[in-house]
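Data block below; observations after.
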Amino acid sequence: QLFESRSIGKYALKRRIGRGGMGEVWLAYHSGLQRDVALKILRQGQETDPIGVRRFEQEVEAMTQLTHPNTVRIYDHGVTEDGIWYYAMELLEGVNLREFVEQSGPLDSPRALRMAHRIARALSEAHERGIVHRDVKPENIFITRAGNEPDFVKVLDFGIAKVSNSRLTDDLTR
């Protein structure tokens, strides 16, 4: 409730739409762009944890390197004057793969293969850039629509990705 009445950077928060291990995702409005975005905010208490902040920064770093259409897009990132870390990404309409299968039932083979192929292509781009997702699961695969194309897949949440030559990866493996 506290967050619903405030702005984070250039974004007016509307309502929380998700929660994960590192943070919360909010529906937010950017008045300059005149559009809604999904705004991920680092969970309170982690902004003073150097490892938590570095993981958040690494997630942004990884996702901004990726351009594949089946990877969620990052628009902006920053930290507010009062220390709240955030990034803005495209707002997707749809459900995650787990919810999709629960609602629709088992996928037929051609449909499942199309989705798997798109996921693999997105992850392939990440691997070519030295990024290993490390948390591929149905909850991190989002099914949306792109233009007239149904079953459009987006890979989400690079929060625990391993990035080659990352200071965090080096710190955590010691």
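Sequential numbering from 1 along the given sequence is applied to the chain's residues.
Contact annotation: the side chain of Lys40 approaches that of Phe56 to within less than 4.5 Å [non-hydrogen atoms, C-beta and beyond]. Counting heavy atoms from C-beta on, the side chains of Arg54 and Ile51 never come closer than 4.5 Å. Val136 is listed as a side-chain neighbour of Leu123, based on a closest heavy-atom distance under 4.5 Å. Using a 4.5 Å cut-off on side-chain heavy atoms (C-beta onward), Glu139 and Leu97 make no contact. Considering only heavy atoms from C-beta on, Trp26 stays 4.5 Å or farther from Ile17 through its side chain. For the pair Phe152 and Asn70, the minimum side-chain heavy-atom distance is below 4.5 Å. Ile131 is listed as a side-chain neighbour of Gln65, based on a closest heavy-atom distance under 4.5 Å. Residues Phe158 and Arg134 fail the side-chain proximity criterion, which asks for heavy atoms closer than 4.5 Å.
The main-chain N or O of Ala161 is found under 3.5 Å from a side-chain atom of Gln58 such that the two form a donor-acceptor pair. In this structure, the side chain of His133 engages the main chain of Leu156 through a donor-acceptor pair within 3.5 Å. Checking side-chain atoms of Ser124 against main-chain N and O of Ala120 turns up no donor-acceptor pair under 3.5 Å.
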Working for salt bridge (charged side-chain N to carboxylate O under 4.0 Å, His left out), residues Arg114 and Asp108: CA-CA 10 Å; Arg114 272 193 312 276; Asp108 62 53; 5.4 Å; no
Trace of the salt bridge (charged side-chain N to carboxylate O under 4.0 Å, His left out) decision for Glu102 with Arg98: CA-CA 6 Å; Glu102 286 174 355; Arg98 181 188 51 77; 3.0 Å; yes
Walk me through whether Glu93 and Arg145 qualify under side chain to side chain contact (heavy atoms under 4.5 Å, CB included). CA-CA 7 Å; Glu93 300 290 330; Arg145 179 176 210 85; over 6 Å; no
Val60 vs Trp85, test: side chain to side chain contact (heavy atoms under 4.5 Å, CB included). Steps then yes/no. CA-CA 11 Å; Val60 170; Trp85 293 81; over 6 Å; no
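Hydrophobic clustering keeps Ile141 apart from Val132 (ILVMFWY residues linked when any side-chain heavy atoms are closer than 4.5 Å, directly or through intermediates). Residues Met63 and Val25 are members of one and the same hydrophobic cluster, defined by side-chain heavy-atom contacts under 4.5 angstrom among Ile, Leu, Val, Met, Phe, Trp and Tyr.
Rounding to the nearest 0.5 Å places CE of Met89 at 13.0 Å from OG1 of Thr71. Arg16 contributes atom CZ, which lies 10.0 Å from atom CD1 of Ile41 (distance to the nearest 0.5 angstrom). The line from CG of Asp36 to CD of Glu90 is 13.5 Å long, rounded to the nearest 0.5 Å. Atom CD of residue Glu24 and atom CG of residue Leu13 lie 9.5 Å apart, to the nearest 0.5 angstrom. Taking OG1 of Thr80 as the start and CD1 of Ile8 as the end, the distance is 5.5 Å to the nearest 0.5 Å. Summarising the geometry, atom CD1 belonging to Ile143 is positioned 10.5 Å from atom CG belonging to Leu92; distances are rounded to the nearest 0.5 Å.
Taking both residues in full, the closest heavy atoms of Val155 and Ala122 are given as CG2-CB, 3.9 Å, listed atom of the first, atom of the second, then distance. A pairwise comparison of heavy atoms in Leu66 and Arg73 identifies O-NH1, 4.0 Å as the closest pair. Residue His30 comes nearest to Leu33 through the heavy atom pair ND1-N, 2.8 Å, listed as atom of the first residue, atom of the second, then distance. In terms of heavy atoms, Ala12 sits closest to Ser7 at CA-OG, 3.7 Å. Of all heavy-atom pairs between Leu42 and Gly52, the closest is CD1-O, 4.1 Å. Of all the heavy atoms in Ala88 and Val37, the pair that sits closest is CB-CG2, 4.1 Å.
The residues Arg129 and Glu125 are annotated as salt-bridged, a charged nitrogen and a carboxylate oxygen being separated by less than 4.0 angstrom. A salt bridge does not link Arg55 to Glu61: none of the charged side-chain nitrogens sits closer than 4.0 Å to a carboxylate oxygen. By the 4.0 Å N-to-carboxylate-O rule, Lys162 lies too far from Asp135 to be salt-bridged with it.
Between Gln34 and Tyr29, the side chains place no donor N or O within less than 3.5 Å of an acceptor N or O (distance only, hydrogens not considered).
At most 12 heavy atoms of other shown residues, nucleotides or ligands fall within 6.0 angstrom of atom NE2 in His117.
Aromatic ring centres of His77 and Tyr86: separated by at least 6.0 Å. Ring centers of Phe100 and Phe142: at least 6.0 Å apart, outside the cut-off.
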